[in-house]
Amino acid sequence: MTTVITRIPPSPTGRFHIGTARTALFNYLFARHNNGRIVFRSEDTDKTRSKKEYEDEIINGLHWLGITWDEFSRQSEHTSRHRALLEKLINEGKAYISKEQSKNDSSKTVEIVRLKNPGKEITFNDIVRGDITFDTTELGDFVIARSLDDALYHFAVVVDDMDAGVTHVIRGEDGISNTPRQILIQEALGAKRPAYAHLPLILDEKRAKLSKRSGATSVMDYRDEGFLPEAIVNYLALLGWNPGGDREDFSLTELVDVFSLDNVQKGGASWNRDKLLSVNQRWMRKLSDTEYLVNIKNISPNINSFDETLLTKTVPLLKERARTFSEALDMLSGELACIFTPPKPEHDILISKEPDNARGATQRHLETLISKIDSLPNEAPADIIKTTIMPYADKEGRGEVLWPLRYALSGQKRSPDPFTLIEILGKDESVKRINTSLAILVNNE
RNA sequence: GGCCCUAUCGUCUAAUGGCUAGGACAUCGCCCUCUCACGGCGGUAAUCGGGGUUCGACUCCCCGUAGGGUCACCA
């Protein structure tokens, strides 16, 4: 039994794309599940488009997701090896140098290298799809290098995979049509054919291949928006694969345990932000309150302007509402802002629910509530507060008591329930706020 | 257009010849409830079409249809 070796070969010509992350993830899961090795190779042979910053982003992003590898290399470091094999093929008559007019600059003549195509049918087995057959004659003598020192992608990949001992090529479905040409190169080189698995593509809402035009396609955008790496991994793994049951909640290590290429889907899967949001919320809720706050701080350092104690008490409310950390951040200055900033209640809203004798009744309720809150022990939890207040509310009418109370505390038509608010704000601040509303009632007389 | 791949609720999917076709997200309704959110319960919703094979097809075969991918001196 030979060791499984997979590869993660991103080209650093753009940001860390979701598709790159998904392919990397499946290579990672398959290799780790089989106690194999993973080779990371930066496919940087396009000198004009490759950028170090992209490579850094991809590496950082992969690590952020928890994806690791055992070997690191850059394709550009292998040019002498490529040249040697190119020369070998030419000497053996399997490839030849061809003087042609440059396609990029028609005034120039260049010496490119073409593979002598035996022109036969190639059938390869795809783990996901079964046998796939191509007639390679239509490919002709295709170009494998711009020059002896400048191999093209197909040639470089085949050589590098061969040298790294790659046993399984797991990549996107868009690689299917590249496969016969790569096999032709392998055969010319006498390389062993690896196993292939072509993953279904991730599609956008319009069911086209996910591209820059499809919206946020960089994993880093999701990180910056406050998504958890665990959620991205969990969601990505289930796009085009599933272990066969109803379970949907998987950490990276759990995925390694159950992963298999056998149950990879064949059809493309479309990206669904709503589903991702719900997966993310599930993972956010698993965090401790402290971890939760750290994550909010990571996306917005100026959260420090909020009172730390109040912030900590607010986390449970955020957990039940926010699906991303940026949503949580928005809530702190939106629907939960009343916790941090004393409200400015309006007279008419305070009593708007009351029919007649409204003002007098509301005033009486609020005064009663103040004395009840005063009688509470310090740091009383919401359920104690509730049992203290509810009998009175039930007697006088819940809406007539609870609405002014909650509105006095929050100044908002929509807010968390009054008991929770009192718990978070504390006795003193709560009474203070109710008194403010009382004053508004009286002054409007 | 040539070649290749694919086809179960709106979306992600389960069911690999034998069930009222299951789950999740979304959606709708009810309950909880002063509001919001959470939560609980329930509903709507799918095997692309036509032929075979078979006692029996979501499942196997063929033909259509539709969608996608790929056709570089990019990777």
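Reminder, nothing fancy here: chain letters follow the sequence lines and each chain counts from 1.
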[atom1]-based separation of [M] from [N] [nearest Å]:
N	M	atom1	result
B/C60	B/U44	C1'	33 Å
B/C41	B/A26	P	16 Å
B/G22	B/A45	C1'	14 Å
B/U20	B/C25	P	27 Å
B/U35	B/G23	P	31 Å
B/G29	B/A66	C1'	35 Å
B/G68	B/C63	P	22 Å
B/U11	B/G49	C1'	23 Å

Among the nucleotides [options], which one has an atom lying closest to any side-chain atom of [X]?
X	options	answer
A/Gln265	B/A75, B/U13, B/C25	B/U13
A/Arg398	B/C25, B/U33, B/C5	B/U33
A/Lys275	B/A24, B/U35, B/C12	B/A24
A/Glu335	B/U35, B/C36, B/A75	B/C36

Base, sugar-phosphate, or nothing for [X], non-hydrogen atoms under 4.0 angstrom?
X	value
A/His198	nothing
A/Ser50	nothing
A/Gly245	nothing
A/Arg285	sugar-phosphate
A/Asp417	base
A/Arg321	base

Give a yes or no on whether the ring-centroid distance for A/His365 and A/Tyr392 is below 6.0 angstrom. yes

Kindly say whether the aromatic ring centers of A/Tyr292 and A/Phe325 come within a distance under 6.0 Å. yes

Could you tell me whether the side chains of A/Ser42 and A/Glu55 share a donor-acceptor contact shorter than 3.5 Å? yes

Is the closest side-chain donor-acceptor distance between A/Ser102 and A/Arg146 under 3.5 Å? no

[N] [atom2] sits how many Å from [X] [atom1], rounded?
X	N	atom1	atom2	result
A/Met284	B/C38	CE	C1'	14 Å
A/Leu238	B/A24	CG	C1'	9 Å
A/His17	B/A75	NE2	P	18 Å
A/Asp249	B/C25	CG	C1'	14 Å
A/Leu317	B/U35	CG	P	17 Å
A/Arg282	B/G39	CZ	P	11 Å
A/Tyr235	B/C25	OH	C1'	9 Å
A/Arg273	B/U27	CZ	P	14 Å

Give the B/S/- string for nucleotides 68-74 of chain B, one per nucleotide from 5' to 3', where a protein heavy atom under 4.0 Å of the base yields B, of only the sugar-phosphate yields S, and otherwise -. SSS--BB

If the threshold is 4.0 Å, N to carboxylate O, is there a salt bridge linking [X] and [Y]?
X	Y	result
A/Arg49	A/Asp46	yes
A/Lys319	A/Glu327	no
A/Arg15	A/Asp221	yes
A/Lys52	A/Asp44	no

If you find the nucleotide of RNA chain B closest to A/Lys413 and the one closest to A/Asn263, which residue's nucleotide is nearer the 5' end? A/Asn263

RNA chain B: A/Glu43 or A/Glu320, which has the more 5' nearest nucleotide? A/Glu320

With both distances kept under 3.5 Å, what pairs with [N], Watson-Crick or G-U wobble?
N	result
B/A66	B/U6
B/A14	none
B/G1	B/C71
B/A45	none
B/C30	B/G40

Does B/A37 have its OP1 or OP2 closer than 4.0 Å to a side-chain nitrogen or oxygen of A/Ser415? no

Would you say A/Gln281 places a side-chain N or O within less than 4.0 Å of OP1 or OP2 belonging to B/C38? no

Keeping the roles fixed (side chain from A/Tyr235, backbone from A/Asn272), state whether a donor-acceptor pair exists under 3.5 Å. yes

What residue among A/Lys120, A/Lys94, A/Lys116 forms salt bridge (Lys or Arg N to Asp or Glu O under 4.0 Å) with A/Glu187? A/Lys120

